[in-house]
> 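Below you'll find the structure I mean.
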Protein chains: 2
Amino acid sequence: MLFSKTCEYGIRAAVYIASQSDKTEKTGIEEICENIEAPRHFTAKILQILTRNHLLSSQKGVNGGFYMTAEQLKQPMIALVEAIEGKEVLSKCGLGLKACSETEPCPLHNKYASIRNNIKQMLSGMTIKDMAVSLQTGKAFLKID
Amino acid sequence: MLFSKTCEYGIRAAVYIASQSDKTEKTGIEEICENIEAPRHFTAKILQILTRNHLLSSQKGVNGGFYMTAEQLKQPMIALVEAIEGKEVLSKCGLGLKACSETEPCPLHNKYASIRNNIKQMLSGMTIKDMAVSLQTGKAFLKID
DNA sequence: TTAAATAAGGATGTTTTTGTCTTTTATTGT
DNA sequence: ACAATAAAAGACAAAAACATCCTTATTTAA
Ligand code: FES
Ligand code: FES
């Protein structure tokens, strides 16, 4: 519905990495995928994208893995979504018109634009750290057992 | 974002057909696709689905085409969406967990569930006729010229 | 300095979505 | 009846999304 599989895995992975960021050890792709129930190689590709976009940090070699800096933890969810789905995703027309505009709106525009704005607010107002904390405190989960 | 192409075309086509439902003549697939800028054969398939689900009516042969009964015009948008995307689409987890649940929620659940509810309300509270009227009165458009 | 570990990158494969083309079936005006 | 018309249906094709596998580059511990 809202996100592609790519985006779902990307967010889940980033949140998991964030949730491990107190530890000194970096988090390996294997561990990540086990804990978010995502396909190993596919997820690795997504993390490459996020790393290139500086939303994650990584280190190769023994004891390497993924981690996040304090700066990265403060990034809002929307940064992840835009890195994966593209910047425009939150301004497109809900009915697929070439552009979303106030002057030539689709019949859904009035209501949809406000909902789209809610989504934008949700994603801007929540940091990766916020999500990680809800994991750490047992309030939320990244997979169902 | 919200809908698949299939769903977008399906809604646009249905709304266009509805907007022509005052006329006595039925509306042909060619005319529909010109007016909503959608691919001819693909859209025809989508209309088949909607017709099988009794959300549209159709007639073959000379002077045939698509049309909607008064009953069908009163259907809410959500009926179209569910016919095309499936009934479950509006209750799935936003982060792709196997199930969306209050007891094992994903970190997005709190905010997402409320947005998803807004979407549901938007789609339940607006009939196909409502959308068609906004077209007819020039307040909305199904393609950009 | 070497072996092991681990992410990055590239090639390839599968599935789903999106789209076209052709044939069939039903309807209607003549 | 017949020809024309239009939707239904089925086969096929292209593109995108989803996923795997293999090789390469980098790092570190021993
Ligand atoms: S024009 Fe369709 S959502 Fe704005
Ligand atoms: S559990 Fe993810 S949206 Fe409800």
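The structure displayed is predicted, hence computed values, not measured ones. Below, read A as the first sequence line, B as the second, and so on, with proteins coming before strands; counting in each chain starts at 1.
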> Quick one: do the A/Asp130 and A/Thr127 side chains pair a donor with an acceptor below 3.5 Å?
yes

> For a quick check under 3.5 Å, do A/Asn35 and A/Gln20 share a side-chain donor-acceptor pair by atom type?
no

> Can you tell me the distance, in whole Å, between the CZ atom of B/Phe42 and the P atom of D/dA16?
14 Å

> Strictly under 3.5 Å: I want the nitrogen or oxygen pairs between protein and nucleotides 21-23 of chain D, one per line.
none

> Between atom CD in A/Gln48 and atom P in D/dT24, what is the gap in whole Å?
16 Å

> Do you know which two heavy atoms are closest between A/Ile11 and A/Phe3, and how far apart they sit?
CD1-CE1, 4.2 Å

> What's the spacing between A/Gln75 CD and A/Asn53 CG if we round to 0.5 Å?
10.5 Å

> Quick one: which residue pairs count as a salt bridge (Lys or Arg N to Asp or Glu O under 4.0 Å) with a foot in residues 40-60 of chain A, not counting sequence neighbours?
A/Glu30-A/Arg40

> State, to 0.1 Å, how close A/Leu55 and A/Ala79 come at their nearest heavy-atom pair, and which atoms those are.
CD1-O, 3.5 Å

> Specify the residues of residues 13-31 of chain A, ordered by number, for which at least one heavy atom lies under 4.0 angstrom from an atom of DNA chain C.
A/Thr27, A/Gly28, A/Ile29

> Could you tabulate the donor-acceptor pairs under 3.5 Å formed by side-chain atoms of residues 98-106 of chain B, not counting sequence neighbours?
residue, atom, partner, partner atom, Å
B/Lys98, NZ, A/Glu37, OE1, 3.1
B/Ser101, OG, B/Thr103, N, 3.4
B/Ser101, OG, B/Thr103, OG1, 3.4
B/Ser101, OG, B/Glu104, N, 2.8
B/Glu102, OE2, B/His109, NE2, 3.1

> Kindly state which residues belonging to residues 82-91 of chain A come within less than 4.0 angstrom of DNA chain D, counting heavy atoms of the residue only, listed by number.
none

> Kindly compute the distance separating CG (B/Leu56) from CG (B/Leu80), expressed to the nearest 0.5 Å.
7.5 Å

> Other than A/Ile144, what residues sit in its cluster of Ile, Leu, Val, Met, Phe, Trp and Tyr side chains whose heavy atoms are under 4.5 Å apart, directly or through others?
B/Leu97

> Listing request: all ring-ring contact (aromatic ring centres under 6.0 Å, His included) pairs with a residue in residues 31-75 of chain A, at least two apart in sequence or in separate chains.
A/Tyr9-A/Phe42

> Return the residues of residues 53-68 of chain B meeting this criterion: a heavy atom under 4.0 Å from some atom of DNA chain C. Order them by number, or give none.
B/Gln59, B/Lys60, B/Gly61, B/Val62, B/Asn63

> Report yes if a side-chain nitrogen or oxygen of A/Tyr9 is closer than 4.0 Å to either non-bridging phosphate oxygen (OP1 or OP2) of D/dC18; otherwise report no.
no

> For A/Cys33, give me all partners under side chain to side chain contact (heavy atoms under 4.5 Å, CB included), at least two apart in sequence or on another chain.
A/Ile29, A/Thr43

> Return the value, rounded to whole Å, for the distance between atom CD1 of B/Ile46 and atom C1' of D/dA9.
15 Å

> Side-chain heavy atoms under 4.5 angstrom apart, residues restricted to Ile, Leu, Val, Met, Phe, Trp, Tyr: same cluster for B/Val133 and B/Met77?
no

> Tell me the ring-ring contact (aromatic ring centres under 6.0 Å, His included) pairs involving residues 117-145 of chain A, sequence neighbours left out?
none

> Rounded off to whole Å, could you give me the CD1-to-P distance for the B/Ile32 and D/dA8 pair?
10 Å

> With A/Leu73, which residues qualify under side chain to side chain contact (heavy atoms under 4.5 Å, CB included), at least two apart?
A/Ala18, A/Ser21, A/Met68, A/Lys129

> Using a heavy-atom cut-off of 4.0 Å to chain A, what are the terminal contacting nucleotides of DNA chain C, in 5' to 3' order?
C/dA4 to C/dA11

> Which pair of heavy atoms, one from A/Asp22 and one from A/Gln136, lies closest together, and at what distance?
OD2-NE2, 3.3 Å

